[in-house]
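In what follows, every chain begins at residue 1, and chains take the letters A, B, ... in the order their sequences are listed.
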2 protein chains.
Amino acid sequence: IVKFEALSPAEFFRRNREIAGFSNPTRAIYQTIRELVENSLDATETFKILPSIKIYIDYADQSRNWVSVYVEDNGIGIPGDEIPNVFGRVFYSSKYRIKQHRGIFGLGAKMVVLYAQSTTNTPITVRSAPLKSDIIYEYQLMIDITKNEPVIVSQKTFENRYGWHGTAIKVVLEGDWPKAKRRIEEYLRRTAMVAPYAEFVLRGPDEDDAIKIPRVTTKMPDPPEEGLPHPKSVDVELIKQLIQRDPNMPLLEFLVENFDGVGETIAKTFLDFVKLPPDMPVGKLVNDELVNFVTKMREFNGWRRPRADWLSPIGEDILAEGVRFVLRPEVVFTVTRKPSSYMGNPFIVEAALAWGGAIEPGDKPIIYRFANKVPLIYDEGNDVVRKVVDEIDWTQYKVKFPAPLAIVVHICSTKIPYASAGKEAIAEVPEIESEIRNAVREVARKLRLYITRKEKEQELLMK
Amino acid sequence: IVKFEALSPAEFFRRNREIAGFSNPTRAIYQTIRELVENSLDATETFKILPSIKIYIDYADQSRNWVSVYVEDNGIGIPGDEIPNVFGRVFYSSKYRIKQHRGIFGLGAKMVVLYAQSTTNTPITVRSAPLKSDIIYEYQLMIDITKNEPVIVSQKTFENRYGWHGTAIKVVLEGDWPKAKRRIEEYLRRTAMVAPYAEFVLRGPDEDDAIKIPRVTTKMPDPPEEGLPHPKSVDVELIKQLIQRDPNMPLLEFLVENFDGVGETIAKTFLDFVKLPPDMPVGKLVNDELVNFVTKMREFNGWRRPRADWLSPIGEDILAEGVRFVLRPEVVFTVTRKPSSYMGNPFIVEAALAWGGAIEPGDKPIIYRFANKVPLIYDEGNDVVRKVVDEIDWTQYKVKFPAPLAIVVHICSTKIPYASAGKEAIAEVPEIESEIRNAVREVARKLRLYITRKEKEQELLMK
Ligand SMILES: Nc1ncnc2c1ncn2[C@@H]1O[C@H](COP(=O)(O)OP(=O)(O)OP(=O)(O)O)[C@@H](O)[C@H]1O
Ligand SMILES: Nc1ncnc2c1ncn2[C@@H]1O[C@H](COP(=O)(O)OP(=O)(O)OP(=O)(O)O)[C@@H](O)[C@H]1O
Ligand SMILES: [Mg+2]
Ligand SMILES: [Mg+2]
């Protein structure tokens with residue numbers, strides 16, 4: 001007898017938490033901290049606030065490996081009425097937009113709650129004050145796993161006497177801090193490499209467990225704007241959803257209003273190309289004509305290229321400062337490539353090459369990978385960046401191994417094609433791979449110039 | 001202004017299809033075929049039916065890269081009233097049980113429908129007849145993505161005149177058959193390696209595109225039974241759900257009825273250990289007492305070890321036949337290890353070592369990885385099997401590279417810890433890693449014995 005069942009999204013991720021990175025108590029505490037820190041960075045830097053983030057870890061019950069994790073930021077806070085869903089409903093997010101953020105899935109904060117609840121049955125405590133709010137909201141929440149809904153265990157408000165804004169979260173979970181400590185410190189150091197305008201305090205449970213990462217600049221990249229989808233990124237479902245909003249809208253207006261890279265002239269040219277009248281109500285587009293319309297949108301080569309206003313690359317100077325501070329090399333070369341796109345999604349690749357100084361010589365380059373400023377630490381074996389760097393013939397750039405060489409690659413996009421919900425590796429996309437190759441070669445050429453000049457100086461000194 | 005949204009599971013996976021393996025048209029047609037073939041194998045072999053599976057691929061519209069994929073099996077079919085949810089509701093499955101299956105997520109068939117619908121806007125056609133059914137059901141279905149519900153486009157029944165049973169599925173999607181063809185053929189060959197009792201016909205769109213993989217044995221492993229969770233695998237949420245079913249049940253009975261490895265004597269010993277009365281109604285277990293109960297269940301060492309009746313390993317003989325047929329080596333050694341467990345989930349590792357014959361000599365062993373009889377083809381770089389095989393010093397086993405050596409590793413479990421929803425790699429679990437190491441060493445020792453004997457024979461011949 002075969003018995004069929006449906007699961008709520010919360011139940012699915014409770015049972016399959018490995019696919020979101022919570023595979024064991026060591027990795028779980030690492031993933032908890034990174035999901036919360038990434039939310040804090042999205043809530044500060046995207047809004048031109050210099051991030052100040054505190055991370056306090058304490059032993060809650062050492063006999064059971066229980067740790068309490070506290071993360072506090074000075075970000076834009078969460079509106080009081082949104083706090084329950086933000087932490088209690090899987091697939092709930094403010095980042096389902098065409099805009100560069102670290103977050104993408106609407107899952108991270110919920111995985112933290114699911115994992116903590118499954119291991120310690122304790123609620124998450126959230127305190128938050130939006131900008132200019134007179135009130136500080138405090139909730140204790142759990143998830144009703146069968147319904148995928150928040151359960152409010154307690155709720156109170158305080159007068160916001162000192163004009164605080166931000167979010168503070170406390171959660172108790174089963175986690176192996178001693179085993180995870182190294183990775184978490186490394187994660188924060190790498191985060192600082194690409195966000196040198198952020199300050200972090202990490203305070204662990206033991207006396208000597210404190211790390212202070214100061215801000216080394218107040219320069220921040222311009223935050224991204226919110227965009228519209230590009231015609232090359234559409235699929236049938238998206239078009240259907242857009243048509244639903246106003247089926248009477250004329251085709252011409254539909255194209256101009258809803259898509260990036262489409263002005264009136266271009267829209268008219270496209271409508272000629274597909275042989276449809278500009279004033280036809282878009283709701284009349286159905287079945288095979290609709291599919292054809294979508295296919296032709298992706299095929300048409302007359303659209304303007306996807307804009308990069310929805311992106312916020314680190315920038316060559318800020319990236320150099322971050323790499324200099326963390327790796328302390330003899331010299332750093334950086335490049336921010338021109339915007340490119342894959343399937344209508346704009347992306348930018350940035351690379352840094354650090355040489356000498358405090359960098360340990362190795363048999364191959366040390367690699368630091370980032371996607372939307374998030375350090376990717378696990379799963380390097382499969383990642384396209386490792387593949388590209390290993391395929392380069394470094395002797396062409398005057399590098400003989402062992403050599404003190406580190407490569408930093410950052411890909412930012414409105415849609416990072418993550419290979420899994422744990423955000424550790426990027427799926428194979430040919431356009432991205434080729435841009436990474438170009439970026440690494442560009443900084444490698446700068447290194448070759450530097451090495452050549454140093455060799456010439458050496459020769460002159462010898463005479 | 002920050003705008004919050006909720007997504008249905010269908011919408012989430014439509015937008016993030018890369019985390020389920022549908023990252024581009026080449027990989028999408030591969031993933032489509034594997035999801036359907038894995039469902040067909042689960043519907044046959046689990047019920048002692050010798051699998052016969054047909055896979056027909058045709059060009060539906062070459063100008064748009066549209067292919068039609070047809071998969072038919074002779075399995076137990078799908079009950080007529082369940083067909084809509086099976087294909088139209090994400091997180092719907094008959095495999096959310098304690099039992100070894102290829103399926104685990106309740107997502108595969110839905111991803112096929114989502115991808116096809118997003119690229120061609122055409123419904124999936126499903127025809128199915130359960131065992132001994134007088135009726136054949138036929139549906140045309142799509143998914144209402146916003147609601148995560150099936151949309152029945154058409155529905156009919158036929159008289160089942162010839163007593164057919166099984167399922168036939170036809171779907172039209174954007175897919176790059178020429179690029180995917182090699183990988184799909186390799187996938188089928190590897191599937192046959194661990195299921196030599198199954199027959200496959202793969203017929204592509206071009207004249208010469210036909211592969212017939214015949215059955216080479218009618219011996220099948222015993223199918224798994226359905227089990228109960230083991231106490232070491234529980235978390236708080238699971239216990240809460242079990243308590244809900246009958247809060248008045250006495251603790252002793254609750255333990256004996258709901259868990260594997262728990263008889264009355266053991267249950268009494270455990271209740272002494274946690275100092276709780278055997279007749280206490282389980283619903284009285286709340287808050288910290290409940291969490292303590294769960295923690296102690298995982299800590300207690302008196303449970304019987306997890307049973308392997310819920311598993312269905314390939315078996316040393318069947319595995320040898322499959323490897324011999326596909327790789328045509330000079331010699332094969334196989335081992336099926338004793339059952340082991342991780343976090344209360346039983347698992348068995350099986351390994352085969354194939355040497356010489358038609359195997360190409362290489363600089364390191366060729367690896368074939370399987371999880372619950374599913375070939376893992378992508379993402380080898382990160383997989384624990386590659387790591388274990390590379391760490392072995394093969395000279396200890398009289399192997400000098402280049403050498404014609406292939407290693408097959410199969411892990412079967414009631415819960416395979418997949419690293420992502422695309423089922424290509426396994427997350428790191430220490431117990432599994434150590435069992436893989438033991439299995440590979442065991443077959444390596446058999447190879448060393450063989451090589452030593454051959455050397456001695458050579459010496460005798462020389463004299
Ligand atoms: N510290 C914070 N400050 C302000 N808003 C926050 C904070 N943490 C979470 N949020 C809000 O809650 C939402 C849900 O967070 P969650 O981490 O679950 O998903 P996400 O960040 O959108 O995506 P991802 O799953 O990829 O992390 C965010 O989109 C954001 O709007
Ligand atoms: N060919 C088939 N024959 C019989 N039953 C099938 C067939 N295909 C699918 N099913 C049923 O539909 C359910 C859903 O299939 P689906 O592939 O979506 O999920 P799953 O196989 O349970 O898990 P996974 O997502 O890991 O593949 C299965 O559990 C099974 O009960
Ligand atoms: Mg997040
Ligand atoms: Mg399946």
Side-chain angles (χ1 to χ4, degrees), chain A residues 2-9 11-12 14-16 18-19 23-24 27 64 76 79 82 85-86 89 91-94 96-97 104-106 117-122 145-146 235-238 240-241 287-288 290-291 294-295 378-382 386 417-422 425 427-429, chain B residues 2-9 11-12 14-16 18-19 23-24 27 64 76 79 82 85-86 89 91-94 96-97 104-106 117-122 145-146 235-237 240-241 287-288 290-291 294-295 378-383 386 417-422 425 427-429:
Chain A
V2 171
K3 183 166 173 292
F4 290 83
E5 296 172 69
L7 296 186
S8 79
E11 179 62 26
F12 176 80
R14 179 189 77 81
R15 294 183 185 214
N16 297 296
E18 315 82 15
I19 65 176
S23 27
N24 55 61
R27 194 123 174 213
R64 298 191 271 191
I76 59 157
E82 294 288 359
N85 278 331
V86 155
R89 189 177 166 156
F91 302 147
Y92 198 78
S93 169
S94 63
Y96 291 142
R97 328 251 83 219
I104 169 178
F105 297 129
Q117 184 171 319
S118 302
T119 53
T120 67
N121 201 32
T122 55
I145 295 200
T146 315
D235 69 10
V236 173
E237 286 303 320
L238 175 63
K240 279 195 207 167
Q241 287 168 15
N287 303 330
D288 209 48
L290 170 63
V291 183
V294 175
T295 311
Y378 290 87
D379 294 4
E380 187 185 278
N382 271 337
R386 182 82 256 172
Y418 283 113
S420 81
E428 285 202 40
V429 174
Chain B
V2 170
K3 184 166 173 291
F4 290 83
E5 296 172 70
L7 297 185
S8 79
E11 179 62 26
F12 176 80
R14 177 189 79 80
R15 293 183 186 213
N16 296 297
E18 314 81 17
I19 67 176
S23 26
N24 55 61
R27 198 127 169 208
R64 298 188 274 191
I76 58 157
E82 293 288 356
N85 279 331
V86 155
R89 188 177 168 156
F91 302 148
Y92 198 79
S93 170
S94 64
Y96 291 140
R97 328 250 84 219
I104 171 178
F105 297 130
Q117 185 171 318
S118 304
T119 54
T120 68
N121 201 31
T122 54
I145 296 202
T146 316
D235 68 10
V236 173
E237 285 303 321
K240 279 195 207 166
Q241 286 170 15
N287 304 330
D288 209 50
L290 170 63
V291 183
V294 176
T295 311
Y378 290 86
D379 293 3
E380 187 183 280
N382 270 335
D383 193 274
R386 182 81 255 172
Y418 284 112
S420 81
E428 285 202 39
V429 173

Legend entry - Per-residue contact mode, A:Leu7 against chain B (heavy atom under 4.5 angstrom): both

Legend entry - Contacting region of B:Glu5 [heavy-atom separation from chain A under 4.5 Å]: both

Legend entry - B:Phe12, part contacting chain A, at a heavy-atom distance under 4.5 Å: side chain

Inset, instruction - Pick whichever of B:Gly106, B:Ser93, B:Ala427, B:Ser8 has the most heavy-atom pairs under 4.5 Å with chain A. - result: B:Ser93

Inset, instruction - Report the option among B:Gln241, B:Glu237, B:Lys3 that has the most heavy-atom pairs separated by less than 4.5 Å from atoms of chain A. - result: B:Glu237

Inset, instruction - Let me know if B:Ala419 has heavy atoms under 4.5 Å from chain A in its side chain, its backbone, both or neither. - result: backbone

Legend entry - Residue that, paired with B:Ser118, satisfies side chain to side chain contact (heavy atoms under 4.5 Å, CB included) out of A:Val236, A:Leu238, A:Val294, A:Asp235: A:Asp235

Inset, instruction - Measure distances from A:Asn287 to the heavy atoms of chain B and classify the residue's part below 4.5 Å as side chain, backbone, both or neither. - result: backbone

Legend entry - Atom group of A:Gln117 that falls short of 4.5 Å from chain B, counting heavy atoms: both

Legend entry - Closest-packed option against chain B by number of heavy-atom pairs under 4.5 Å, given A:Thr146, A:Leu290, A:Ile145: A:Ile145

Legend entry - Test ring pair (Phe, Tyr, Trp, His ring centres under 6.0 Å) applied to A:Tyr418 - qualifying residues, sequence neighbours left out: none

Legend entry - A:Arg64 and B:Val291, any side-chain heavy atoms less than 4.5 Å apart: yes

Legend entry - Part of B:Arg15 lying under 4.5 Å from any heavy atom of chain A: both

Inset, instruction - Drop me the distance from B:Tyr378's OH to A:Glu428's CD, to the nearest 0.5 angstrom. - result: 8.5 Å

Legend entry - Heavy-atom pair with the smallest gap, counting every atom of B:Val2 and A:Ser94: CG1-CB, 3.3 Å

Legend entry - Toward chain A, the part of B:Asn16 with a non-hydrogen atom under 4.5 Å: both

Legend entry - Heavy-atom side-chain proximity of A:Asn121 to B:Lys240 below 4.5 angstrom: yes

Legend entry - Student check: side-chain heavy atoms of A:Pro9 and B:Phe91 closer than 4.5 Å: yes

